[in-house]
Amino acid sequence: MRNVYTTLLLLFAALILFCSYIIGRRDKAPLTKSIRYIMIAAPCTMVVYAVALLMKEKFAAELMYALYYTISDVLLICMLFYSLKYTRVYEPKPLYKAGLYLITAVDGLMMLFNVFTDGIFIFRCEQMEDGSGTVFYGIAERGGLYNFHRLIIYLFVVLILLPLAVKIARSPSMYRKKYWLTLLSLLVIIAANVLYLAMDLEIDFSVLTYGIMAVAIYYFNVIYVPQGLVEGLLSSSIRNMDDSVMCFDIEGNCIYANSVAYAFFRTEDVGPLTEYYKRWMDGRELSETVDSEWKETYEVNSVKRYYAAQFKRLCDVTGSCVGCFFKIHDETEDVKKLEAERFRATHDRLTRIYNREHFYDMASEMLRKAEPGTYCMVCSDIKDFKLVNDVFGINTGDEILLNIANTLKQFAKSGSVYGRLSGDRFALCMPKERFNKEFISNEMHRIGYISDATSYRVQIHVGVYDIVDKNIEVSVMCDRAFMAIKTIKTSFADMIAYYDDELRESGISEQKVTGEFGTALREGQFCFYLQPQVSVTGKVLGGEALVRWIHPERGLVPPDKFIGILERTGLICRLDLNIWELACKKLREWKDMGQTGYHISVNISPKDFYFTDIYKVFTGLVEKYEINPRNLRLEITETAIMSDFKKQLVLIRRLQEYGFCVEMDDFGSGYSSLNMLKDMTVDTLKVDMEFLRKTDNIERSRTILKMIIALSKQLGMEVITEGVETKEHVDFLTDIGCDIFQGYYFAKPMPVTEFEERYICR
């Protein structure tokens, strides 16, 4: 019996050590490393015990038994460290480890000391017979100190089992299995050892369980349990998926379907699931199919839902098909979110119609694919829309915008595209034959009515551009429609305007002027002409500076071809600064010639008051060229003064205090009033003869003109009349007290050199 048992121990120990070596080369995981320590310590314990049984001398046997007990302590330490690493209940501190090592060392020294004391303290060996005639040395008696060794063993066992018990109590049911298996492996050893002690056997057969325990721990922890957990997790994942999952074997039987799949097919049995499988297979064998993905749409409670379906074959390790599964994902929410994002990217937030960029794209695509025919671009703009928001509130403004959008929806049919370009601007591209001017006009009138306002009507203007070339950019088409809107006056009757060739030429001309302006200014193409201003005695006192553009290719460009454009674009300020400096430079030349009795009148545009420091510029020019400010007369239009009367009045007084002579130009052509004349402090009042020519009642106009001149005289203001063309004009104006004349009767505007030759250098 002894020989068989020892042989079995040695062979089993060798096999475990070899497996540990192979495992160590393949698996470097920390947990596997802890298990390998057990797989080394356990066979070592078995080998030493087998050698002890084979010893023929008492001393050698007792020495081997002492070594066996010591290595048993080491095995328990390895098992304890494995238990802590496996459960991660707590991390052993250095002091904790040191205590374990000290206890093991003390126990080992005691065992060694026992060998040299003839076994009177811990254990003693005697010859025994195994029942088959084989004699060996076994442990016959255990002394009092053996209980210390036993106490150490019990302490280690408790420390090993405690973390496993804690993890079993705390872990989900799926994970308890892996801790239970380890715990049972240890309990088997304990039970075998208790049985050995209880039966008082000569040979400790429980030693063999050490090796069995080591192999079991490796198998359960590295192979069996992880695979089971993976399968459990996969199964749990499928059960808890939001997608429908159905698995079929190679014969088309549904072997598994999660609850979502049953809910999807509104069934509690596998019949509808199998029918779905058969319809998809369409008589094919599973081996003839390939992995596929597709989209499906269903009506659920009158609501359209979108699904992404997937079919996949399942193969074993040899590549043979063993089944398949379907996965159906409900992507309705994803589709709705994507559609919402696309809608937000292509539609206006308030009106929910196309935004500018998408309108341009859709209109361009429509025109590209459209059948031959004439289309038109219809654009709308609300006059003074900011005022509507300010007076009536944002909600009222939004309501107007929504009404316009709804009108476009009603007006537009198939073959039309509409959108909101910006703020209060809308556009509609449609076949020209469908355009109904009367409908549009009535709708704009209706929308412009504000219920809370009895006297205010919102003016919505519409511009129409007939599309001749469909390849033109849609943005350009809209620009042309809005260009037509600019021609609409403030009258309610003028609501719809059409883009024509004249507007196109005007737009081209404006672009040409603004494009060439910078170069013309740098190259000195702008100059000024002088129109003489003559006293009642016939003496030339000076002249008004009138700008001219001498173009290198087109020659003399009339002022009406560029002045209005420069005023609209704000470029007039740069031109005025240039002309003012040229005038001051010319006055300096006259001063150097000894001619200081002549003046030059320069015009100040209304835009100059907003973008230029008038006082600083003119005083700077006078100081730069060292001229008398009385020789530089400043003409300010009545409109510019009225834009901010109090502010301009202060500016005029400052200029007069410096020495400038300030003239008010075009008096009587705007909103002149006696109240304004009362507060006006200008030096000169300039009246245009157009004041007389624009009426059918000349006598009444002459009477008013007499009163204006008489009143100006009494207020101490000089009077200049421009536009004087006949001797009759001169005689009449002389009789009523006019001081200075300007007009074609005396001379047309002329180049400065001609003016000098005729009046200064004589």
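Note: hydrogens, waters and symmetry copies are ignored here, and every other heavy atom, side chains too, is used. Computed from a predicted model, the values in this text were never measured in an experiment.
- Under the 6.0 Å distance and 45° angle rule, R420 does not count as a cation-pi partner of F359.
- Checking side-chain atoms of D330 against main-chain N and O of S244 turns up no donor-acceptor pair under 3.5 Å.
- Within the 4.5 Å cutoff, side-chain heavy atoms of M213 are placed close to those of I38.
- Remark: K327 is not positioned above the aromatic ring of F311, lacking an NZ or CZ atom under 6.0 angstrom from the ring centre and at most 45 degrees off the axis.
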Residues H329, D334; criterion side chain to side chain contact (heavy atoms under 4.5 Å, CB included); working and verdict: CA-CA 11 Å; H329 172 67; D334 296 334; 3.7 Å; yes
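- Smallest separation of non-hydrogen atoms from D269 and Y262: O-CE2, 3.5 Å.
- Applying the 6.0 Å contact sphere to CD of E473 captures no more than 12 heavy atoms from other residues, nucleotides or ligands.
- Side-chain atoms of T332 come within 3.5 Å of backbone N or O of Y306 as a donor-acceptor pair.
- Atom CG of N403 is separated from atom CZ of R446 by 5.5 Å, given to the nearest 0.5 angstrom.
- Judged by distance alone, with hydrogens and angles left aside, the side-chain atoms of S292 form a donor-acceptor pair with the main-chain N or O of V290 at under 3.5 Å.
- Interatomic distance, I447 CD1 to I460 CD1, rounded to the nearest 0.5 Å: 5.0 Å.
- With hydrogens and angles ignored, the 3.5 Å screen pairs a side-chain donor or acceptor of T289 with a backbone N or O of L286.
- Counting heavy-atom neighbours within 6.0 Å of R352 CZ, excluding the residue itself, gives a total of 12 or less.
- Between T274 and G252, the shortest heavy-atom contact is CG2-O, 4.0 Å.
- Expressed to the nearest 0.5 Å, how far CG of L80 lies from CG of L100 amounts to 6.0 Å.
- A donor-acceptor pair under 3.5 Å links the side-chain atoms of D291 to the main chain of R313, judged by distance alone.
- Judged by distance alone, with hydrogens and angles left aside, the side-chain atoms of N253 form no donor-acceptor pair with the main-chain N or O of D249 at under 3.5 Å.
- Separating the OG1 atom in T407 from the CG atom in N442 is a distance of 11.0 Å, to the nearest 0.5 Å.
- Taking 4.5 Å as the limit, some side-chain heavy atom of S416 sits within range of a side-chain heavy atom of L428.
- Put simply, OH on Y375 and NZ on K470 are 5.5 Å apart, with the number rounded to the nearest 0.5 Å.
- The two residues S83 and I160 make their nearest non-hydrogen contact at OG-O, 2.9 Å.
- No close placement of the Y82 and Y37 rings is indicated, their centers lying 6.0 Å or farther apart.
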Yes or no on side-chain hydrogen bond (donor to acceptor under 3.5 Å, both in side chains) for E296 and Y298, after CA distance, side-chain angles and deciding distance? CA-CA 7 Å; E296 295 181 347; Y298 296 99; 2.7 Å; yes
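- Proximity of D398 to L350: side-chain heavy atoms (C-beta onward) are separated by under 4.5 Å at one or more points.
- Minimum interatomic distance between M246 and F265 (heavy atoms only, all atoms of both residues): SD-CE1, 3.5 Å.
- Judged by distance alone, the side chain of R284 and the main-chain N or O of M281 form a donor-acceptor pair under 3.5 Å.
- Between Y276 and F326, the ring centre distance stays below 6.0 Å.
- Among all heavy-atom pairs drawn from A42 and L75, the shortest one is N-CD1, 3.6 Å.
- L186 is listed as a side-chain neighbour of L161, based on a closest heavy-atom distance under 4.5 Å.
- Summarising the geometry of C321 relative to C315, their closest heavy-atom pair is CA-SG, 4.0 Å, with the distance given to 0.1 Å.
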Please evaluate residues R279 and E275 with respect to the criterion side chain to side chain contact (heavy atoms under 4.5 Å, CB included), reporting the C-alpha separation (whole Å), side-chain torsions for both, the decisive distance (0.1 Å), and the verdict. CA-CA 6 Å; R279 285 197 307 271; E275 287 297 322; 4.0 Å; yes
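- In this structure, the separation between CD1 on I250 and OG on S320 is 9.5 Å, given to the nearest 0.5 Å.
- T351 and D348 form a side-chain donor-acceptor contact under 3.5 Å, judged by distance and modelled atom types alone.
- Within 6.0 Å of atom CG in L95, 12 or fewer heavy atoms from other residues, nucleotides or ligands are found, so the atom counts as exposed in its surroundings.
- Using cut-offs of 30° and 60° for the angle between ring planes, the H358 and Y354 rings count as perpendicular.
- Two rings, from F325 and Y256, have their centers 6.0 Å or more apart.
- Residues T104 and F156 form a side-chain contact, since some pair of their non-hydrogen atoms from C-beta on lies under 4.5 Å apart.
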Just do the salt bridge (charged side-chain N to carboxylate O under 4.0 Å, His left out) check on E299 and R305 with the steps written out, would you? CA-CA 6 Å; E299 289 279 345; R305 301 196 68 83; over 6 Å; no
Let's go through H149 and Y69 carefully: what are the C-alpha distance in whole Å and the side-chain angles of both, what is the deciding distance for ring-ring contact (aromatic ring centres under 6.0 Å, His included) to 0.1 Å, and is it a yes or a no? CA-CA 8 Å; H149 173 72; Y69 285 126; 4.8 Å; yes
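- In this structure, the side chains of H347 and N355 stay at 4.5 Å or more apart for every pair of heavy atoms.
- Summarising the local packing, CZ of R342 is surrounded by 12 or fewer heavy atoms from other residues, nucleotides or ligands at distances under 6.0 Å.
- Other residues, nucleotides and ligands place no more than 12 heavy atoms under 6.0 Å from the NZ atom of K386.
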Check the pair E365, K369 against salt bridge (charged side-chain N to carboxylate O under 4.0 Å, His left out), reporting the backbone distance first and the verdict last. CA-CA 6 Å; E365 182 179 353; K369 297 179 179 179; 2.9 Å; yes
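- For F439, the CZ atom sits in a packed shell: over 12 heavy atoms of surrounding residues, nucleotides or ligands are nearer than 6.0 Å.
- Using a 4.5 Å cut-off on side-chain heavy atoms (C-beta onward), I440 and F435 make contact.
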Any chance you could lay out the side chain to side chain contact (heavy atoms under 4.5 Å, CB included) test for I168 and L183, step after step, and finish with the verdict? CA-CA 10 Å; I168 290 172; L183 182 63; 3.7 Å; yes
Apply side chain to side chain contact (heavy atoms under 4.5 Å, CB included) to L76 and L155, showing your working. CA-CA 10 Å; L76 290 172; L155 175 63; over 6 Å; no
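- Residues V245 and V260 form no side-chain contact, since every pair of their non-hydrogen atoms from C-beta on lies 4.5 Å or further apart.
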